[in-house]
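Here the structure is laid out as structure tokens; the discussion comes afterwards.
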Amino acid sequence: MYSVVGVRFKRAGKIYYFDPDDLPIVKDQYVIVETARGIEYGQIVIGKKTVGEEDVVLPLKKVLRIANPDDAIQVEKNRTDAKEAFYICLDKIEKHDLEMKLVDVEYTFDRNKIIFYFTADGRIDFRELVKDLAAVFRTRIELRQIGVRDEAKMIGGIGPCGRVLCCSTFLGDFEPVSIKMAKDQNLSLNPAKISGLCGRLMCCLQYESDNYESGKEDLPDIGTTVMTPFGVGRVIGLNILERKIQVELKETQSVEFLPLDDVVEGEFDY
């Protein structure tokens, strides 16, 4: 078992575990930690707790120290300088005529590296761009290509529901979303209605997917023959939330919505 704290570096970013050592760390404090990218400034979002070995990535790095007011000033300066770096990089991209879209720029806390996030349709030869940027900023340069979902998470925006995007407010990780989830929920399969700002299937399709999956287990499949109070029929639709079945009756060819308790599955002649 390991004693850990959960640290987040960005709003709605992924949570990483660190060893709190003997520091008097509490939730919502800011701390300085060492990461694969270098020294970083993050917020404690999960207080001290004990987890198993399967929940951590070893070796578990320690929290270096609790952040102080000077660290907050440094972070703000990094953000200001990153905005300036953004426009400098845009000019360099235009100069080299590269087919790439710059999304965001970020300094590591210790300013040991500056990261430029971009999207592109394919691979980009940005070697000359890196040389130009290194000559301007005189620090390590990293150009990182990201996907359209990550772009939406960084930029933010308003979704079709009228609320701020889930990915930019509280989703730490992207969960797999499939068209089957939309089908199970009887949603329109029009791409314009089930796609987010990123152009991919909306993340919220996954929120109720488990409930629909478990609800379907108790209901007959589409095409199944059933016996109803009105005679034999065939299942042509399901209302999973209300646990009702849409049945086309053999005798009258009419359609009835019936509760699950009023229907019996079987090998009936239809």
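Keep in mind the model is a prediction, meaning the values are calculated, not measured.
The pair Asp81-Arg111 meets the salt-bridge criterion, since a charged nitrogen lies less than 4.0 angstrom from a carboxylate oxygen. The pair Arg243-Asp218 counts as a salt bridge, with a side-chain nitrogen and a carboxylate oxygen less than 4.0 angstrom apart.
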Distance-only donor-acceptor hits, side chain of residues 225-235, under 3.5 Å, sequence neighbours excluded:
| residue | atom | partner | partner atom | Å |
| --- | --- | --- | --- | --- |
| Thr225 | OG1 | Gly266 | O | 2.7 |
| Thr225 | OG1 | Phe268 | N | 3.4 |
| Thr228 | OG1 | Phe230 | N | 3.0 |
| Thr228 | OG1 | Gly231 | N | 3.2 |
| Thr228 | OG1 | Gly231 | O | 2.7 |
| Arg234 | NH2 | Glu248 | OE1 | 2.9 |

Residues 22-34 side chain polar contacts: donor-acceptor under 3.5 Å, at least two apart:
| residue | atom | partner | partner atom | Å |
| --- | --- | --- | --- | --- |
| Gln29 | OE1 | Val26 | N | 3.0 |

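Residues in residues 156-168 take part in no side-chain hydrogen bond (donor to acceptor under 3.5 Å, both in side chains) pair, two or more places apart or across chains. Counting only residues at least two apart or on different chains, the side-chain hydrogen bond (donor to acceptor under 3.5 Å, both in side chains) pairs with a member in residues 113-122 are Arg37-Tyr117, Glu106-Tyr117, Lys113-Glu142. Residue pairs meeting the side-chain hydrogen bond (donor to acceptor under 3.5 Å, both in side chains) criterion with at least one partner in residues 181-191, sequence neighbours excluded, are Lys180-Asp184, Asp184-Lys216.
Environment of CD in Glu94: sparse, with no more than 12 heavy atoms of neighbouring residues, nucleotides or ligands closer than 6.0 Å. Surrounding OH of Tyr87 are at most 12 heavy atoms belonging to other residues, nucleotides or ligands under 6.0 Å away. A 6.0 Å sphere centred on CZ of Arg11 holds no more than 12 heavy atoms belonging to other residues, nucleotides or ligands.
The shortest distance between side-chain heavy atoms of Leu133 and Lys92 falls below 4.5 Å. Taking the side chain as every heavy atom from C-beta outward, Ile93 and Phe126 never approach each other to under 4.5 Å. A 4.5 Å side-chain heavy-atom check between Lys61 and Asp19 finds every atom pair outside the cut-off. Taking the side chain as every heavy atom from C-beta outward, Lys244 and Leu238 never approach each other to under 4.5 Å.
Looking at Asp70 and Gln74, their side chains never bring a donor and an acceptor atom within 3.5 Å of each other.
Leu197 belongs to a hydrophobic cluster whose remaining members, ordered by chain and number, are Leu165; membership requires side-chain heavy atoms of ILVMFWY residues under 4.5 Å apart, directly or through intermediates.
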| request: Run the numbers on Lys10 and Asp104 for salt bridge (charged side-chain N to carboxylate O under 4.0 Å, His left out), then give the verdict. | output: CA-CA 13 Å; Lys10 295 181 180 179; Asp104 196 15; 5.3 Å; no
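Counting only distance, with no hydrogens or angles, the side chain of Lys153 and the backbone of Leu171 share a donor-acceptor pair below 3.5 Å. Judged purely by atom type and a 3.5 angstrom limit, Arg8 uses its side chain to pair as donor or acceptor with the backbone of Gly13.
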